[in-house]
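Below: the structure, in C-alpha cells.
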2 protein chains.
Amino acid sequence: MTEKKNNIIQAALKLFTCTGFHACSTSKVAKQAKVSEGLIFKHFKNKEGLLQAILVEGEEKSKKLFYPILSAETPQQILKRTLELPFRIKGDDFEFWKLQYKLKWELEYDHSKKMQPLMDRLTEAFTALDYSNPEMEAQFLLYTLDGIAASLLKGALNNETELHDYLMNKYNV
Amino acid sequence: MTEKKNNIIQAALKLFTCTGFHACSTSKVAKQAKVSEGLIFKHFKNKEGLLQAILVEGEEKSKKLFYPILSAETPQQILKRTLELPFRIKGDDFEFWKLQYKLKWELEYDHSKKMQPLMDRLTEAFTALDYSNPEMEAQFLLYTLDGIAASLLKGALNNETELHDYLMNKYNV
DNA sequence: GGTTTTAAAGTGAGTACTTACTTACCTTTT
DNA sequence: AAAAGGTAAGTAAGTACTCACTTTAAAACC
C-alpha cells in the first residue's frame, strides 16, 4: 500500500461519509487526497471499487468490535459486552461505522448476515439466563442497540453514559 | 394541483425512495411522470423544491400516524398505541416513511423535533405507571421502535406479528 | 353569448457544467 | 529493463436548470 493509495482511501472515507457516495465525485476525492484523478482508477478500477476497498479495510474494524462478544465465556459476559457495543465506537472507527449506516440506506446494503453470529451468542446467553423467549429477546435487544447506534452516529445522542448505565441496570449486569 | 403536477410528485417519491435523492436525476423523474423536464422546474423551482413538496405532502401522513398516541387518554393507551407505531405503516405510506429514513442519512435530516411530543407523552405514561426512570424508559423504547421501523422499511423483518406480540407482552398491554 | 385578454400549464431544445472514466505519457522502484 | 506508480489532458454522457415558445382554459369585456 503506497502512501498515495492510502490517501485516496482516507479521503474517500471522509467524503463518502459526510456527503454520501453518489453526492461525492471522484474529482473531489482526488483533490482531497492531493493526487491526480486518474490514479483512483489505476488503483481501484472504478468508483465502486474504491468503495469496496474502504469496506474491506473496515472488515478488521468489524472483527475488532465483535470479537469480545464472540469470545466471551459466560452469558453475563456476552450480555455485558453486547450492551457496550454502540459505546465502543469512537475515533477513526466512528467515520467507518457512520458510512456503513449511510450505505445501508443509500445503496440498500444488507448486513443482517454480519449480525447473525452476534444474534446466536445473544440467544445462547438469554437461554442460559432463563429468559422465557430467548430468540425474541435477542432480536429485541439488537434492534434497540441498532437504534441507539444510529442516533449516536448521527451525533444526536447527548447522554451516552447515562443510557449505557440504564441499559446495564435493566439487564442486571 | 393539476394532474401532471401530482404525477411528478408521485414519480419523484417512487424514484427518490428506491434510488435515493442524488442518484435520481430530474430527467428520470420527468420520464417516469410522462411530462417534460421543464415542467418540474416551473412547478417546484428546483430539485430541492420538489423534495420539499413531497415532504410537505407527507406531513399529513405524519400527523395521521402520531395522532392516536397524542390523543390517548390513559397511560395504557399511550403505551399500547406507541408499540403499534411501526406496524401501522403500510401501503402508500410505506414509500414515504422509507424515504424519510433514507433522507435522514443521505441529507442528514433531523427529525428529533418531530419525535419530541411523542417522547413527552411516553414519559408521562411511564411516570403514571410508576416506572423508576420514566425519561430513560421512554428514550429506550423509542430507540427500539426506531430500530424495528428501520428493519421493517428495509423489508428485513419477517416476523412482524410475533415481534409485536412480544412487545405488548413485555410492556403488559 | 360570443369574442378577446390574460395567466397559468406545458413543451423541447438548448445552456454551462460535472460526471465517471480513458489514454498517452512520464517517473520511480525493483 | 520491466513493472508499477503517477500525471495531465482529454472523452462522451449526464447533470440541474433556462428560455423561447405553444396550448389550454377560465375570466373580462362588449
Side-chain angles (χ1 to χ4, degrees), chain A residues 1-58 95-96 99-100 102-109, chain B residues 1-58 95-96 99-100 102-109:
Chain A
M1 175 86 75
T2 62
E3 194 191 332
K4 296 208 170 186
K5 186 174 177 183
N6 190 53
N7 283 353
I8 293 171
I9 291 181
Q10 297 312 318
L13 172 58
K14 187 171 194 172
L15 294 179
F16 287 172
T17 302
C18 83
T19 63
F21 179 70
H22 279 113
C24 170
S25 64
T26 49
S27 78
K28 278 174 190 152
V29 173
K31 201 165 279 180
Q32 169 88 16
K34 291 186 173 105
V35 299
S36 66
E37 196 179 348
L39 191 58
I40 292 176
F41 296 92
K42 198 135 265 183
H43 279 311
F44 306 102
K45 190 181 172 201
N46 52 35
K47 195 184 174 187
E48 181 70 28
L50 171 55
L51 179 63
Q52 289 306 324
I54 295 174
L55 263 29
V56 167
E57 278 237 315
E95 263 186 348
F96 169 74
L99 181 60
Q100 289 276 352
K102 285 199 136 181
L103 293 175
K104 179 164 102 169
W105 287 102
E106 191 177 350
L107 305 179
E108 307 260 339
Y109 277 10
Chain B
M1 175 85 75
T2 62
E3 194 191 334
K4 296 209 171 187
K5 186 174 178 183
N6 190 53
N7 283 354
I8 293 171
I9 290 182
Q10 297 312 318
L13 172 58
K14 187 172 195 172
L15 294 179
F16 287 172
T17 302
C18 83
T19 63
F21 179 70
H22 280 114
C24 171
S25 65
T26 48
S27 78
K28 279 175 191 151
V29 173
K31 202 165 280 182
Q32 169 88 19
K34 292 187 172 107
V35 299
S36 66
E37 197 178 349
L39 190 58
I40 292 176
F41 297 92
K42 196 135 267 185
H43 280 311
F44 306 102
K45 190 180 172 201
N46 53 32
K47 196 184 172 185
E48 180 70 27
L50 171 55
L51 180 62
Q52 289 307 322
I54 294 174
L55 264 30
V56 167
E57 277 238 315
E95 263 185 350
F96 169 74
L99 182 61
Q100 289 277 353
K102 285 199 136 181
L103 294 175
K104 178 164 102 169
W105 288 102
E106 190 177 350
L107 305 179
E108 306 261 338
Y109 277 8

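Below, chain A is the first sequence line, B the second, and so on; all start at residue 1.
DNA chain D is contacted by no residue of residues 48-57 of chain B, taking any non-hydrogen atom closer than 4.0 Å.
When rounded to the nearest whole Å, the span between CD1 of A:Ile40 and C1' of D:dT7 equals 13 Å. Rounded to whole angstrom, the span from the CZ atom of A:Phe44 across to the P atom of D:dG6 amounts to 11 Å. Distance A:Asn46 CG to C:dT22 C1': 13 Å, rounded to the nearest Å. Between the CZ atom of B:Phe41 and the P atom of C:dT11 there is a distance of 14 Å, given to the nearest Å. Per the geometry, CD belonging to B:Glu3 stands 20 Å off P belonging to D:dT23, to the nearest Å. If you measure from atom CD of B:Glu37 to atom P of C:dT15, you get 15 Å, rounded to the nearest angstrom.
The heavy-atom pair separating A:Phe44 from A:Ile9 by the smallest distance is CZ-CG1, 3.7 Å. B:Leu55 approaches B:Tyr109 most closely through the heavy-atom pair CD2-CE2, 3.5 Å. Nearest heavy atoms, A:Ile8 versus A:Val29: O-CG1, 4.0 Å. Among all heavy-atom pairs drawn from B:Glu37 and B:Phe41, the shortest one is O-CD1, 3.5 Å.
When side chains are defined from C-beta on, B:Thr19 does not count as touching B:Lys28, because their heavy atoms never get closer than 4.5 Å. In this structure, B:Gln10 and B:Glu95 have side chains that are not in contact, with every pair of non-hydrogen atoms separated by 4.5 Å or more.
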Which protein N or O atoms sit under 3.5 Å from an N or O of nucleotides 23-30 of chain C?
none

Can you name the atoms? Protein N/O to nucleotides 12-15 of chain D N/O, anything below 3.5 Å, with the distance.
| unit_1 | atom_1 | unit_2 | atom_2 | d |
| --- | --- | --- | --- | --- |
| D:dT15 | OP2 | B:Ser25 | OG | 3.4 |

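Closest to the side chain of A:Lys4, from the set C:dT11, D:dC17, D:dG6, is D:dG6. Residue B:Ser36 places its side chain closer to C:dG12 than to any other of D:dC17, D:dG6, C:dG12. For A:Val35, the side-chain atoms get nearest to D:dT7 when compared with the rest of D:dT7, D:dT18, C:dC21.
With hydrogens and angles ignored, the 3.5 Å screen pairs a side-chain donor or acceptor of B:Glu106 with a backbone N or O of B:His22. Distance alone, capped at 3.5 Å, places no donor-acceptor pair between the B:Gln32 side chain and the B:Leu15 backbone. Not one N or O on the side chain of A:Lys34 forms a donor-acceptor pair closer than 3.5 Å with the backbone of A:Asn7.
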**Request:** Report the C-alpha separation of B:Glu108 and A:Lys102 in whole Å, then their side-chain angles, then the decisive distance to 0.1 Å, and conclude whether the salt bridge (Lys or Arg N to Asp or Glu O under 4.0 Å) test is met.
**Result:** CA-CA 10 Å; B:Glu108 306 261 338; A:Lys102 285 199 136 181; 3.1 Å; yes

**Message:** The test is side chain to side chain contact (heavy atoms under 4.5 Å, CB included); show your working for A:Leu50 and A:Thr26 and say whether it passes.
**Reply:** CA-CA 10 Å; A:Leu50 171 55; A:Thr26 49; 5.6 Å; no

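Contact annotation: B:Lys5 side-chain N/O to C:dA8 OP1/OP2 distance is not under 4.0 Å.
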